[in-house]
Amino acid sequence: MNLRQQQQKEFDESSENIIIGDEPLCPLQPSVLAAITEDSPFVLKVIRSGLTAEIYHLRIDGKEYNLKKRRQVAKVANLDGQYSFLNEVQRRNDLQKLKQKPETAQRLAHIVPTIYANYRLGIILSPWIEGEHISEITSDLMEQLFNTLLACEEYGLMEWDLCSGNLLVDEEQQLWLFDFGYMYSFDPKSEFNSNGITDPLFHMVERFETRFFFGWLLKREQPLVEQLALYRTLKQRAVVCYQQKVEWLKAHQAKVMVINHYQSIISAWQTALVNDEALWHLFLLELFRSHVLDIDDDIDGQSCTSLTLKRISIVLDILENNFDYLLLNDGLFYSNKGKSQQELIQRYKEKRLLAQKYQL
Ligand SMILES: Nc1ncnc2c1ncn2[C@@H]1O[C@H](COP(=O)(O)OP(=O)(O)OP(=O)(O)O)[C@@H](O)[C@H]1O
Ligand SMILES: [Mg+2]
């Protein structure tokens with residue numbers, strides 16, 4: 001158990017509560033909200049896909065709301081999953097305070113506000129966003145996302161779960177973030193991410209690529225040239241974003257180690273943006289990295305889908321055809337590092353069996 005999980009366990013076992021917002025601004029009494037079921041006349045729709053919570057789309061006095069209600073028993077195997085509802089209330093508490101301050105509000109305009117939340121009652125109430133999950137990932141959406149994440153990170157909050165289900169786009173093409181079950185705090189000036197300095201592999205653009213982008217590409221089955229064109233746009237946006245991040249880090253006397261880390265990421269991307277071949281090489285490396293990471297996430301959470309199996313096929317394909325390239329370019333990491341080609345192929349064949357077993 002890490003320190004955060006330990007603290008969340010202690011909080012959960014105590015009788016302390018976190019309440020966000022004022023009860024009088026709540027359209028219904030909090031206890032009434034907490035008792036809402038599918039049969040309530042306020043309910044327009046229920047979304048039951050969540051592992052720790054259920055989503056109720058409500059209409060009360062002509063206004064629409066999103067009520068996130070904690071499940072009695074979470075359907076997730078790991079600790080982070082078990083504490084994700086508490087974590088979300090904690091992060092919404094941080095974010096709502098920032099959204100209420102004029103100097104920080106603007107940069108968090110894409111974060112869905114919290115009208116009311118009460119940890120012990122197991123409820124979070126937000127306005128309903130009339131939107132869709134991202135179907136076309138445009139340069140503009142990437143910009144909105146990266147700018148929002150950049151602001152969050154400056155305020156010491158890092159979002160890990162940028163999956164399709166956690167991003168909405170409204171009719172005005174505005175992006176919305178609303179699920180903070182896996183957003184953790186960190187010190188952006190001395191740490192790479194909320195794991196401290198042990199895992200430089202993880203950063204916000206990597207999170208977007210791993211949880212969203214490469215999976216989205218896999219579902220789309222576009223020609224490679226189109227995939228690379230989109231990847232180029234992504235890297236261009238990402239360079240601009242990390243240049244801003246480095247400026248901020250320098251202006252705030254961040255540790256040289258952190259500044260150098262981001263600068264080296266920028267220069268790797270800039271090198272790839274020079275020509276198509278270099279871009280293809282980086283694409284292969286990052287695609288492999290993202291699929292490897294996401295496969296383990298799915299298997300660890302015992303929540304695999306057909307996409308997990310597709311990812312495993314791609315990883316096996318790259319291991320079979322581009323193993324030397326991975327080896328030479330630091331493409332193997334964590335427990336894959338130092339393993340032979342045959343060992344890795346065997347390993348991913350075993351993961352395929354696990355992923356078949358854990359299909360949701
Ligand atoms: N404020 C909102 N407005 C409109 N739709 C929303 C809003 N919040 C959530 N949704 C919809 O509900 C879905 C699930 O919400 P959310 O991601 O918060 O919970 P979850 O991921 O299902 O829960 P868990 O954290 O237990 O996995 C979203 O994918 C989105 O479609
Ligand atoms: Mg979600």
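Every heavy atom of this structure was used, including side-chain atoms; hydrogens, water molecules and symmetry mates were not. These figures come from a predicted structure and were not determined experimentally. Counting starts at 1 for both ligands and their atoms, in listed order.
Relative orientation of the Y242 and Y262 rings is perpendicular, given thresholds of 30° and 60° on the angle between their planes. Using cut-offs of 30° and 60° for the angle between ring planes, the Y231 and F214 rings count as tilted. The aromatic rings of F208 and F146 lie perpendicular to each other, with more than 60° between the two planes, well past the 30° mark. Using a 30° and 60° split on the angle between ring planes, F213 and W216 fall in the parallel class, below 30°.
For atom 1 (N) of ligand 1, the closest non-hydrogen atom on the protein side is P127 O, 3.0 Å. The protein non-hydrogen atom at the shortest distance from atom 24 (P) of ligand 1 is T52 OG1, 3.5 Å. At the shortest separation from atom 4 (C) of ligand 1 among protein heavy atoms lies I129 O, 3.2 Å. The shortest contact between atom 21 (O) of ligand 1 and any protein heavy atom is with D179 OD2, 3.1 Å. Of all protein heavy atoms, the one closest to atom 23 (O) of ligand 1 is G50 CA, 3.6 Å. Looking at atom 29 (O) of ligand 1, its nearest protein heavy atom turns out to be G165 O, 2.5 Å. Residue, atom and distance of the protein heavy atom nearest to atom 14 (C) of ligand 1 are I55 CG1, 3.6 Å.
Surrounding CG of L327 are more than 12 heavy atoms belonging to other residues, nucleotides or ligands, all under 6.0 Å away. Within a 6.0 Å radius of CZ in R232, more than 12 heavy atoms belonging to other residues, nucleotides or ligands are found.
Of the polar atoms of S49, none of the N or O atoms is found under 3.5 Å from an N or O of ligand 1, judged by distance alone. Of the N or O atoms in V112, none lie within a sub-3.5 Å distance of an N or O in ligand 1. Residue contacts with ligand 1: N166 is placed with a nitrogen or oxygen under 3.5 Å of a nitrogen or oxygen of the ligand (distance criterion only).
One option in E54, H133, H57 has a heavy atom closer to atom 31 (O) of ligand 1 than any other, and that option is H133.
Checked against E54 for a salt bridge (Lys or Arg N to Asp or Glu O under 4.0 Å), the options R71, K69, K75 give a single hit: R71. Under the salt bridge (Lys or Arg N to Asp or Glu O under 4.0 Å) test applied with D294, the options K310, R207, R211 reduce to a single match, R211.
The residue A74 has no part lying near ligand 1, judged by heavy-atom distances below 4.0 Å. The part of N66 lying near ligand 1 is the side chain, judged by heavy-atom distances below 4.0 Å.
Under 3.5 Å, the side chains of R91 and Y184 contain no donor-acceptor pair of N or O atoms. With 3.5 Å as the limit, one finds no donor-acceptor pair spanning the side chains of N166 and Y182. Under the 3.5 Å distance criterion, with hydrogens and angles disregarded, no donor-acceptor pair is assigned to the side chains of Y334 and D296.
Proximity to K68 (heavy-atom distance under 4.0 Å) selects the following atoms of ligand 1: 16 (P), 18 (O), 19 (O), 23 (O), 25 (O). The distance from ligand 1 to the heavy atoms of I47 drops below 4.0 Å at these ligand atoms: 11 (C), 12 (O). Close approach to L51 involves these atoms of ligand 1, each under 4.0 Å from a residue heavy atom: 24 (P), 26 (O), 27 (O). When each atom of ligand 1 is checked for a heavy atom of A53 under 4.0 Å away, the hits are 26 (O). Those atoms of ligand 1 with a heavy atom of L168 less than 4.0 angstrom away are 4 (C), 5 (N), 6 (C).
Salt-bridge check for R347 with E343: failed, with every basic side-chain N at 4.0 Å or more from each acidic carboxylate O.
In terms of distance to the Mg ion (ligand 2), the nearest N, O or S atom of D179 is named OD2.
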